[in-house]
There are 2 protein chains.
Amino acid sequence: MKLTSKGRYAVMALVDLARFDNINPVSLRDISLRQGISLDYLEQIFYKLKKNEIVKSIRGTQGGYVLNKNPNDIKLTNIFHAVDEKVKTVQCKKESKKGCNGKATKCITHNLWDELEIHINTFFENKSLKDLLNNNKETRV
Amino acid sequence: MKLTSKGRYAVMALVDLARFDNINPVSLRDISLRQGISLDYLEQIFYKLKKNEIVKSIRGTQGGYVLNKNPNDIKLTNIFHAVDEKVKTVQCKKESKKGCNGKATKCITHNLWDELEIHINTFFENKSLKDLLNNNKETRV
DNA sequence: TCTAAACTTGACCATTTTAGTCAGGTATGT
DNA sequence: ACATACCTGACTAAAATGGTCAAGTTTAGA
């Protein structure tokens, strides 16, 4: 169980973006340099963030990205969903007729994984970009 | 973010084991058949569970495995730890002097991942094999 | 107008991890 | 003695990860 770097980078980049977008659009190049994330990889990630209406792009020189919503309304769950970070812990489907392991019944730990997923998702749903911004200010030197 | 099958199988196998070990040791062969998990793979998993003193083995004909503790004292966290299921969400180390991304400071989302880990671990620490047994009884037909 | 900055998009790929299999043991109850 | 069952290491195919590369399009500003 681990988070993939795509989801992690997405959050890092958005926090970075949120700290600067009041004044000007922020270029991926800047984010890349500040956060140490490959520019090409960032482009892939922002392509998805844009499709999911989390950011807007502004083209041309001095262009870049800006948030498309209030930081308070961007929950972590939105971000992860946008970059295809799956929180599914187990592949047994809820509605599958055949049950989990090819048998007729649900596997004996099925309920557990459902519960775990809910637990994790709740955490992500309650956490917004705004929370991270505040948190970061507190711990900055 | 997903759970690996090793951790999942370990929990499934132990729940299965717990339901039968009152009478006799349970052979991996039986668990393999009931849960649809490859015998060879189960052996790998139980090797680790044994090293971590979660189960005991009884050799010879009619041998098998039994729990080494009360189901109430076997927490999910113990099981996952035994089979090397990592809950670490991110590789930035707490004590690393260099910071996370090779820079001098902690990455701006560092605290978030710490918090998430704690959240998940708490869930696993509070969940014992006994809980799963009860839960399973309720939902069985 | 021209050009460079910046976004857009798809294709590709090396490495690592996962989810096992295979093989050849060793121990022990009957 | 022998079948059953545990014990252990080595190996591997397939998938996921974490990117890179290439070839654009769009637009602001000189």
Side-chain angles (χ1 to χ4, degrees), chain A residues 1-13 17 20-21 24-33 35-52 54-66 68 80 83-91 101-102, chain B residues 1-13 17 20-21 24-33 35-52 54-66 68 80 82-86 88-91 101-102:
Chain A
M1 159 112 66
K2 59 171 210 242
L3 226 57
T4 67
S5 76
K6 196 166 283 187
R8 191 159 52 88
Y9 285 169
V11 176
M12 287 172 68
L17 179 55
F20 292 92
D21 83 333
N24 291 311
V26 181
S27 73
L28 292 190
R29 194 177 129 79
D30 287 351
I31 296 178
S32 166
L33 289 174
Q35 302 301 329
I37 304 169
S38 130
L39 177 59
D40 283 318
Y41 204 26
L42 271 181
E43 288 180 346
Q44 275 188 43
I45 291 168
F46 272 76
Y47 173 53
K48 296 184 179 194
L49 291 176
K50 190 190 169 186
K51 270 205 307 192
N52 282 268
I54 291 170
V55 297
K56 277 186 301 197
S57 71
I58 294 160
R59 310 187 73 142
T61 312
Q62 305 300 339
Y65 286 93
V66 289
N68 197 20
F80 287 138
V83 298
D84 301 319
E85 189 83 70
K86 296 176 245 341
V87 179
K88 276 221 80 41
T89 46
V90 159
Q91 75 272 42
N101 28 20
Chain B
M1 159 110 69
K2 59 170 210 234
L3 227 55
T4 67
S5 76
K6 195 167 284 185
R8 192 159 52 88
Y9 285 170
V11 176
M12 288 173 67
L17 178 55
F20 291 94
D21 83 333
N24 291 310
V26 180
S27 74
L28 292 190
R29 195 177 129 77
D30 287 352
I31 297 178
S32 166
L33 290 174
Q35 302 302 328
I37 304 169
S38 130
L39 178 58
D40 283 317
Y41 204 26
L42 272 180
E43 288 182 347
Q44 276 188 45
I45 292 168
F46 272 77
Y47 173 54
K48 296 184 179 195
L49 292 176
K50 191 189 166 188
K51 270 205 305 193
N52 282 267
I54 291 172
V55 297
K56 277 185 301 195
S57 70
I58 294 161
R59 310 188 72 140
T61 312
Q62 305 300 338
Y65 285 92
V66 288
N68 197 20
F80 287 137
V83 298
D84 301 318
E85 189 84 68
K86 297 178 244 341
K88 274 220 81 39
T89 46
V90 158
Q91 75 272 42
N101 28 20

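Chain identifiers are assigned alphabetically (A, B, ...) following the order of the sequence lines, protein sequences preceding nucleic acid strands; residue numbering begins at 1 within each chain. Note: hydrogens, waters and symmetry copies are ignored here, and every other heavy atom, side chains too, is used. Only a predicted model underlies this, so the values are computations on that prediction, with no experimental measurement involved.
- Every residue two or more places apart in sequence or in another chain was checked for a side chain to side chain contact (heavy atoms under 4.5 Å, CB included) with B:N24, and none qualifies.
- Residues A:K50 and A:T61 each lie close to DNA chain C; by heavy-atom proximity, the contact nearer the 5' end of the strand is made by A:T61.
- D:dA5 atom C1' lies 12 Å from atom CD1 of B:I31, rounded to whole Å.
- Rounded to whole angstrom, the span from the CD atom of A:Q62 across to the P atom of C:dA6 amounts to 6 Å.
- Here the closest non-hydrogen pair linking A:P25 and A:V66 is CA-CG1, 3.7 Å.
- Judged as a side chain to side chain donor-acceptor pair (under 3.5 Å), and not counting sequence neighbours, the contacts of A:K50 are A:S57.
- With rounding to whole Å, B:D30 atom CG is found 13 Å from D:dT4 atom P.
- With sequence neighbours left out, the salt bridge (Lys or Arg N to Asp or Glu O under 4.0 Å) criterion links A:K48 to A:D84.
- For the pair B:S57 and D:dC7, the criterion of a side-chain N or O lying under 4.0 Å from OP1 or OP2 is met.
- Across all strands, A:Y65 comes closer than 4.0 Å only to sugar-phosphate atoms, never to a base (heavy-atom distances).
- Here the C1' atom of nucleotide C:dT9 and the CG atom of A:L42 are 16 Å apart, to the nearest Å.
- The distance between atom CG of A:L28 and atom C1' of C:dA5, rounded to the nearest whole Å, is 12 Å.
- Not a single side chain to side chain donor-acceptor pair (under 3.5 Å) links B:S5 to another residue, sequence neighbours left out.
- Distance NZ (A:K48) to P (C:dT9): 13 Å, rounded to an integer number of Å.
- Here B:I54 contributes atom CD1 and B:L17 contributes atom CG; the two are 11.0 Å apart, rounded to the nearest 0.5 Å.
- In this structure, the OH atom of B:Y47 is 17 Å from the P atom of C:dG25, given to the nearest Å.
- Atom CD1 of B:I58 is separated from atom P of C:dT28 by 12 Å (rounded to the nearest Å).
- Under the rule for a side chain to side chain contact (heavy atoms under 4.5 Å, CB included), the partners of A:S38 that lie at least two apart in sequence or sit in another chain are A:D40, A:Y41.
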Base versus backbone protein contacts along nucleotides 14-24 of chain D [heavy-atom cut-off under 4.0 Å; B, S, -]: ---SBBBB---
